[in-house]
Amino acid sequence: MSVPFYNFNDLHTPEFKAELFERFSKIYDTNGFVEGEYNASFESRFAQMQEAKHCLLVANGTDALEIALEAYGVGQGDKVGVPGITFYATAEAVLNRGAIPVWIDIETESGLICPESTQRVIEQHKLKAIMPVHIYGMAADMEKINSICEQHNVAIIEDAAQAQGAFFENGKPIGSTHNLTTFSFYPTKNLSAFGDAGAILTQSDELALKIKTIRNHGRSELDMLGRNSRCDHMQAAVLDLKLERIEEYNKMRKTAAKHYHTTLKAAELPITLLNDRHLETSSWHLYPIRVANSEIREKLQAHLQKHEIGCTPFYDQAMHQMKVLKNFKEGETKKAEELAGRSICLPMNPFLKEEDIQKVTSTIKAFF
Ligand SMILES: *Cc1c(COP(=O)(O)O)cnc(C)c1O
């Protein structure tokens, strides 16, 4: 019995297909190609769910980050704080704007951006913006980070590509702050399109208008040019339909995460688990465990793969260790370097069965 990392068969059921094809048929019949009624419906419902005033759909998650930077006026030569551990799109968006990434260190227990490092890096470098990442689906400590950035007049873009439906510790949803918050709806994310899509959330009417203008070639009363980052009507129809299930599916992920957590904790293995305080609030996009070093990680990965268990080493390099980013050395990277290569993400999706989790955890126990 194999345990796959993702599970699209149980996500895309025959019932889902029937409902979706009805929508596609309507789009076909009305020639509703881009920015149609499902775009409007999704934007209003997703904004409501995440407690933002506006949701603006765009073409993908990386565009969402780039457009957010542009909306804040970040461009050529500006410095932007990026956590040392993230998916490379976060840094890529900064480079695509002609801006310079400055590394902010992470907390080893979670991989989330470290508020103390944020403070030091902001004091030492003239940053125009920072991009905290709600990594694996856990919320970064925005209360502390907001107050540091407010004092120094630094804009914040929250990269929530992995955190649809996640919550802050105070119970508020991600997207409810006064920052720009960006999402990716790539097929492997918790809330996913049938291809590419992304979104930006904001409480500001002014920024919402700017983002709308940028995503559609500058078409508005604003005197500016933009680009093409519209979201197809078909992708919006998928997202709008899937939105009905996201809360239920995130709860199913949480049940799986808790099951992994209690079983692995009880086994007393030489591994580190995420802190208990994230159990209730994370969107559980990924379930990482950490081992002592990268050799053990590689061996454990091979062992799991031999037993047909899907797993991925997110993230095996810190940003500044990537060959293509080696010219960017400013900031703090010590803990990111310590953490990189030691994490392995176990199968995580809403449809994991009890016996799947039993198999994964007993295979890990057998390895040690
Ligand atoms: C997936 C992801 C992105 C990029 O999303 P795309 O839709 O692939 O452009 C950005 N940041 C993080 C943290 C991600 O996980």
Side-chain angles (χ1 to χ4, degrees), residues 5-6 42 46 55-70 80-97 99 101 103-104 106 110-113 129-140 142 145 156-166 174-175 179-201 211 214-215 227-232 234-236 238-239 242 250 253 278 282-288 312-319 322 324-325 336 339-340 343 345 348-349:
F5 196 72
Y6 301 113
F42 177 80
F46 191 60
C55 168
L56 295 314
L57 276 166
V58 294
N60 58 68
T62 311
D63 276 12
L65 290 165
E66 281 179 42
I67 294 171
L69 285 164
E70 188 176 350
V80 178
V82 174
I85 296 270
T86 178
F87 181 62
Y88 33 74
T90 320
E92 209 175 23
V94 174
L95 295 173
N96 288 347
R97 289 292 308 147
W103 312 117
I104 299 179
I106 47 100
S110 59
L112 287 164
I113 189 168
I130 67 161
M131 302 168 97
V133 179
H134 300 305
I135 203 154
Y136 305 133
M138 300 175 295
M142 292 315 300
I145 289 169
I156 302 174
I157 294 156
E158 298 175 40
D159 183 346
Q162 306 185 356
Q164 299 95 347
I174 283 192
N179 306 319
L180 291 177
T181 304
T182 68
F183 293 85
S184 162
F185 303 119
Y186 184 74
T188 59
K189 312 287 185 187
N190 290 35
L191 178 60
S192 59
F194 244 80
D196 281 307
I200 306 172
L201 299 184
I211 292 162
I214 295 169
R215 79 174 170 189
R227 59 196 279 172
N228 174 8
S229 188
R230 293 176 301 239
C231 175
D232 288 352
M234 305 250 277
Q235 299 305 343
V238 177
L239 291 169
K242 283 191 178 175
N250 277 357
R253 285 173 182 268
H278 300 293
S282 175
S283 67
W284 292 111
H285 175 59
L286 293 166
Y287 188 91
T312 50
F314 290 144
Y315 291 91
D316 57 358
Q317 276 183 314
M319 287 286 107
M322 293 179 60
V324 287
L325 293 169
L339 187 62
S343 293
C345 295
M348 177 46 82
N349 61 68

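One-based numbering, in listed order, for ligands and for the atoms of each.
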Output a table of donor-acceptor pairs, distance under 3.5 Å, between side-chain atoms of residues 82-93 and any protein atom two or more places apart or on a different chain; print 'none' if there are none.
{"residue": "Thr86", "atom": "OG1", "partner": "Thr90", "partner atom": "OG1", "Å": "2.9"}
{"residue": "Thr90", "atom": "OG1", "partner": "Phe87", "partner atom": "O", "Å": "3.2"}
{"residue": "Thr90", "atom": "OG1", "partner": "Asp159", "partner atom": "OD2", "Å": "3.0"}

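- Of all protein heavy atoms, the one lying nearest to atom 3 (C) of ligand 1 is Phe87 CD2, 3.7 Å.
- Proximity of Leu57 to Leu239: side-chain heavy atoms (C-beta onward) are separated by under 4.5 Å at one or more points.
- If you check which protein heavy atom lies closest to atom 9 (O) of ligand 1, you get Thr62 OG1, 2.5 Å.
- Two residues are said to be in side-chain contact when any heavy atoms from C-beta on lie closer than 4.5 Å; Asn349 and Trp284 fail this criterion.
- When only modelled atom types and interatomic distance are considered, Gln162 and His134 share no side-chain donor-acceptor pair under 3.5 Å.
- Close approach of ligand 1 to Ala89 is summarised as follows: ligand atoms under 4.0 Å from at least one heavy atom of the residue are 3 (C), 4 (C), 10 (C).
- In terms of protein heavy-atom proximity, atom 15 (O) of ligand 1 is closest to Lys189 NZ, 2.7 Å.
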>> Test salt bridge (charged side-chain N to carboxylate O under 4.0 Å, His left out) on Asp63 and Arg215; report intermediate values, then the result.
In response: CA-CA 9 Å; Asp63 276 12; Arg215 79 174 170 189; over 6 Å; no
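- Scanning the protein heavy atoms around atom 13 (C) of ligand 1, the nearest turns out to be Asp159 OD2, 3.5 Å.
- Between Tyr287 and Met348, the closest side-chain pair of non-hydrogen atoms falls below 4.5 Å.
- Summary of contacts: the protein heavy atom closest to atom 7 (O) of ligand 1 is Ser184 OG, 2.7 Å.
- With a 4.5 Å cut-off on side-chain heavy atoms, Ile113 and Val133 do not count as touching.
- Against a heavy-atom cut-off of under 4.0 Å, Ala161 is close to the following atoms of ligand 1: 2 (C), 3 (C), 10 (C), 11 (N), 12 (C), 14 (C), 15 (O).
- For Gly61, a nitrogen or oxygen atom sits less than 3.5 Å from a nitrogen or oxygen atom of ligand 1, counting backbone and side chain alike.
- Near Gln162, the atoms of ligand 1 lying under 4.0 angstrom from a non-hydrogen atom of the residue are 13 (C), 15 (O).
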